[in-house]
Amino acid sequence: MSLRLFTALTIPGDIAEDLSRFMRGVDGAAWRPVENLHVTLAFYGELMEPDAKDLDSAIEEATASIGPFPIALKGAGSFGKDEPSALWMGVEESPALRELSAACVRAARRIGAPVEARKYTPHVTMAYLRGTTLDQAERFVARHGLYHSRSWRVDRFGLFSSTLRKSGPSLYLEEAAYPLLG
């Protein structure tokens, strides 16, 4: 059996609730459920269970020296220049977050697991878009571009599986949790 895996930080409940108030007013937006909001660290794709166990061990080892750190959400944006494909809220620049993401990527490479090759852009995906005009996406970004959440202390992250569903959003399940003890 294979698992579609990624590592991520969960969003505190009060901040996720704040973000839920932004989820309106954009035609063609498939808003993410509040419980699915997260900051991806690394996306691995499909792995067979034995490889997933190896990845779990490699992640634990690669991140063992990383300690807790503060982060906050800041700003808004969209992916897809002329044809917007997603709306997102940004993450305030954090060297510690980038270090954690890089460690998760190194863990996958160490065991020969696939890892998404795109440049890391920390964000929280708010909605996937279909048929949304550039103007509508730009209005969302302008409306929420000054957003700045409270800071929170990241002291753990998780390895999640993602099950794609034909009707409705993906189902996420935390497969492993990693405390940041540094």
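Residue numbers count from 1 along this sequence. Keep in mind it's a predicted model, so treat the numbers as computed, not measured.
Under the 3.5 Å distance criterion, the side-chain polar atoms of Asn36 are matched with a main-chain donor or acceptor of Ser170.
With sequence neighbours excluded, the residues satisfying side chain to side chain contact (heavy atoms under 4.5 Å, CB included) with Thr132 are Val26, Leu129, Gln136. Residues meeting the side-chain hydrogen bond (donor to acceptor under 3.5 Å, both in side chains) test with Thr40, sequence neighbours left out: His38. With sequence neighbours excluded, the residues forming a salt bridge (charged side-chain N to carboxylate O under 4.0 Å, His left out) with Glu116 are Arg118, listed by chain and number. When the salt bridge (charged side-chain N to carboxylate O under 4.0 Å, His left out) test is applied to Asp135, the partners found at least two apart in sequence or on another chain are Arg139. Not counting sequence neighbours, the partners of Ala137 by the side chain to side chain contact (heavy atoms under 4.5 Å, CB included) test are Ser78, Pro84, Leu87. Not counting sequence neighbours, the partners of Tyr128 by the side chain to side chain contact (heavy atoms under 4.5 Å, CB included) test are Arg32, Ala86, Thr125. Partners of Glu46 according to the salt bridge (charged side-chain N to carboxylate O under 4.0 Å, His left out) rule, which considers only residues two or more places apart in sequence or in another chain, do not exist here.
Atom CZ of Arg24 has 12 or fewer heavy atoms from other residues, nucleotides or ligands within 6.0 Å. The number of heavy atoms from other shown groups lying within 6.0 Å of CZ (Arg143) is above 12.
Tyr44 and Met1 end up in the same hydrophobic cluster when Ile, Leu, Val, Met, Phe, Trp and Tyr side chains are linked at under 4.5 Å. Note on Leu55: it clusters hydrophobically with Leu3, by side-chain heavy-atom contacts below 4.5 Å among ILVMFWY residues. Under a hydrophobic clustering in which Ile, Leu, Val, Met, Phe, Trp and Tyr are joined whenever their side-chain heavy atoms come within less than 4.5 Å, directly or via other members, Phe160 and Val105 fall into different clusters. Val91 and Phe43 sit in two unconnected hydrophobic clusters of ILVMFWY residues. Membership requires side-chain heavy atoms under 4.5 Å apart, directly or through other members. Cluster annotation: Tyr120 and Phe157 are assigned to the same hydrophobic cluster (Ile/Leu/Val/Met/Phe/Trp/Tyr, side-chain heavy-atom contacts under 4.5 Å, transitive).
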Indicate every side-chain donor-acceptor pair of residues 173-182 with a distance under 3.5 Å to a residue at least two apart or in another chain.
residue	atom	partner	partner atom	Å
Glu174	OE1	Arg156	NH2	3.1
Glu174	OE2	Arg156	NH1	3.4
Glu174	OE2	Arg156	NH2	2.9
Glu175	OE2	Ser161	OG	2.7
Tyr178	OH	Asp56	OD1	2.7

Identify all side-chain donor-acceptor contacts of residues 57-72 below 3.5 Å with residues at least two apart in sequence or on another chain.
residue	atom	partner	partner atom	Å
Ser57	OG	Lys53	O	3.4
Thr63	OG1	Ile59	O	2.8

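Counting heavy atoms from C-beta outward, Val124 and Val39 have side chains that approach closer than 4.5 Å.
Checked options Ile11, Ile15, Leu19, Leu37; the residue passing with Met89 is Leu19 (criterion: side-chain contact (heavy atoms from CB on, under 4.5 Å)).
Taking both residues in full, the closest heavy atoms of Asp18 and Arg21 are given as OD1-NH2, 2.7 Å, listed atom of the first, atom of the second, then distance.
Taken to the nearest 0.5 Å, the OG atom of Ser94 stands 8.5 Å off from the CD atom of Glu92. Between Thr7 atom OG1 and Leu41 atom CG the span is 4.5 Å, to the nearest 0.5 Å. Rounding to the nearest 0.5 angstrom, the gap separating the CZ atom in Arg4 from the CG atom in Leu47 is 12.0 Å. Arg106 contributes atom CZ, which lies 9.5 Å from atom OG of Ser101 (distance to the nearest 0.5 angstrom). The CG atom of Leu5 sits 5.0 Å away from the CG atom of Leu159 when rounded to the nearest 0.5 Å.
With respect to Arg150 and Asp14, a salt bridge is recorded, a charged nitrogen being found less than 4.0 Å from a carboxylate O.
Apart from Phe79 itself, the hydrophobic cluster it occupies contains Trp88, where clustering links Ile, Leu, Val, Met, Phe, Trp and Tyr at side-chain heavy-atom distances under 4.5 Å. Summarising the hydrophobic clusters (Ile, Leu, Val, Met, Phe, Trp, Tyr; side-chain heavy atoms under 4.5 Å, direct or chained), the residues clustered with Leu164 are none.
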Determine, step by step, whether Glu93 and Arg98 satisfy the salt bridge (charged side-chain N to carboxylate O under 4.0 Å, His left out) criterion, reporting the C-alpha distance in whole Å, the side-chain angles of both residues, the deciding distance to 0.1 Å, and the verdict.
-> CA-CA 9 Å; Glu93 183 55 39; Arg98 289 194 179 279; 3.0 Å; yes

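The ring pair (Phe, Tyr, Trp, His ring centres under 6.0 Å) analysis of residues 8-29, with sequence neighbours excluded, yields the pairs Phe22-His144, Phe22-Tyr147.
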